[in-house]
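Just below is one structure, and these are the notes that go with it.
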Amino acid sequence: MTEAEMNTNTAPLNKVTATPDALKLIAELQAEYGPVMFHQSGGCCDGSSPMCYAQGDFLIGDQDVQLGEIGGAPFYISHSQYEAWKHTDLIIDVVPGRGGMFSLDNGREVRFLTRSTICTI
């Protein structure tokens with residue numbers, strides 16, 4: 001990965017999109033919480049769910065990679081996950097269920113879900 005890809009101050013890579021249902025939920029969360037952002041969870045308590053936070057509530061690391069924006073919300077992933085998934089485009093969707101413990105979608109009986117497609121080269 002190049003220095004530019006790792007630096008969160010550079011342009012996003014445009015490797016993430018959202019379904020209409022996800023965009024609708026993002027708009028609802030923005031209306032309630034203001035600007036939001038996403039970080040793709042790497043496991044542990046919340047599996048590998050996309051986590052949604054109010055902007056400023058989650059600290060982006062120096063090596064986190066911004067994959068793009070969905071619904072006006074920046075979407076980040078850790079450098080190590082990016083290395084494993086760099087040939088993949090992420091599609092953020094909404095399905096029935098409970099959101100991640102700290103994610104803003106929690107308690108709405110729907111949650112964000114990451115789907116993926118392999119990039120063609």
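The structure displayed is predicted, hence computed values, not measured ones.
For the pair P74 and Q55, the minimum side-chain heavy-atom distance is below 4.5 Å. In this structure, I60 and M37 have side chains that are in contact, with non-hydrogen atoms separated by less than 4.5 Å. Contact annotation: the side chain of C52 approaches that of F112 to within less than 4.5 Å [non-hydrogen atoms, C-beta and beyond].
Linking ILVMFWY side-chain heavy atoms closer than 4.5 Å, directly or via other members, places W85 and L113 in two distinct hydrophobic clusters.
If you run side chain to side chain contact (heavy atoms under 4.5 Å, CB included) between F75 and each of E69, H39, Q40, only Q40 comes through.
Between S49 atom OG and N106 atom CG the span is 10.5 Å, to the nearest 0.5 Å. Rounding to the nearest 0.5 Å places OG1 of T88 at 10.5 Å from CD of Q81. From D89, atom CG reaches atom CG of L13 across 10.0 Å, with rounding to the nearest 0.5 Å. A distance of 11.5 Å separates CG of D105 from CZ of R98, quoted to the nearest 0.5 Å.
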Legend entry - Evaluation steps, side chain to side chain contact (heavy atoms under 4.5 Å, CB included), between F102 and D57: CA-CA 10 Å; F102 301 108; D57 283 357; over 6 Å; no
Inset, instruction - Let me see the working for L67 and F38 under side chain to side chain contact (heavy atoms under 4.5 Å, CB included), right down to the final yes or no. - result: CA-CA 10 Å; L67 294 182; F38 286 85; over 6 Å; no
Inset, instruction - I would like to know whether K15 and L90 meet side chain to side chain contact (heavy atoms under 4.5 Å, CB included); could you show each step before the answer? - result: CA-CA 6 Å; K15 294 182 64 64; L90 302 185; over 6 Å; no
Inset, instruction - Applying side chain to side chain contact (heavy atoms under 4.5 Å, CB included), run through I92 and T114 and close with a yes or a no. - result: CA-CA 5 Å; I92 307 307; T114 301; 3.6 Å; yes
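In the hydrophobic clustering (ILVMFWY side chains linked at under 4.5 Å, chained through shared members), I91 stands by itself.
Here the closest non-hydrogen pair linking L104 and L29 is O-CD2, 3.5 Å. Considering every non-hydrogen atom in both A18 and L23, the closest pair reads CB-CD2, 3.8 Å. Closest of all the heavy-atom pairs between P50 and S103 is O-OG, 4.1 Å.
Applying the side chain to side chain donor-acceptor pair (under 3.5 Å) definition to pairs two or more places apart or across chains, those involving residues 19-37 are T19-D93, E32-R108.
Residues Y76 and F58 keep their aromatic ring centres 6.0 Å or farther apart.
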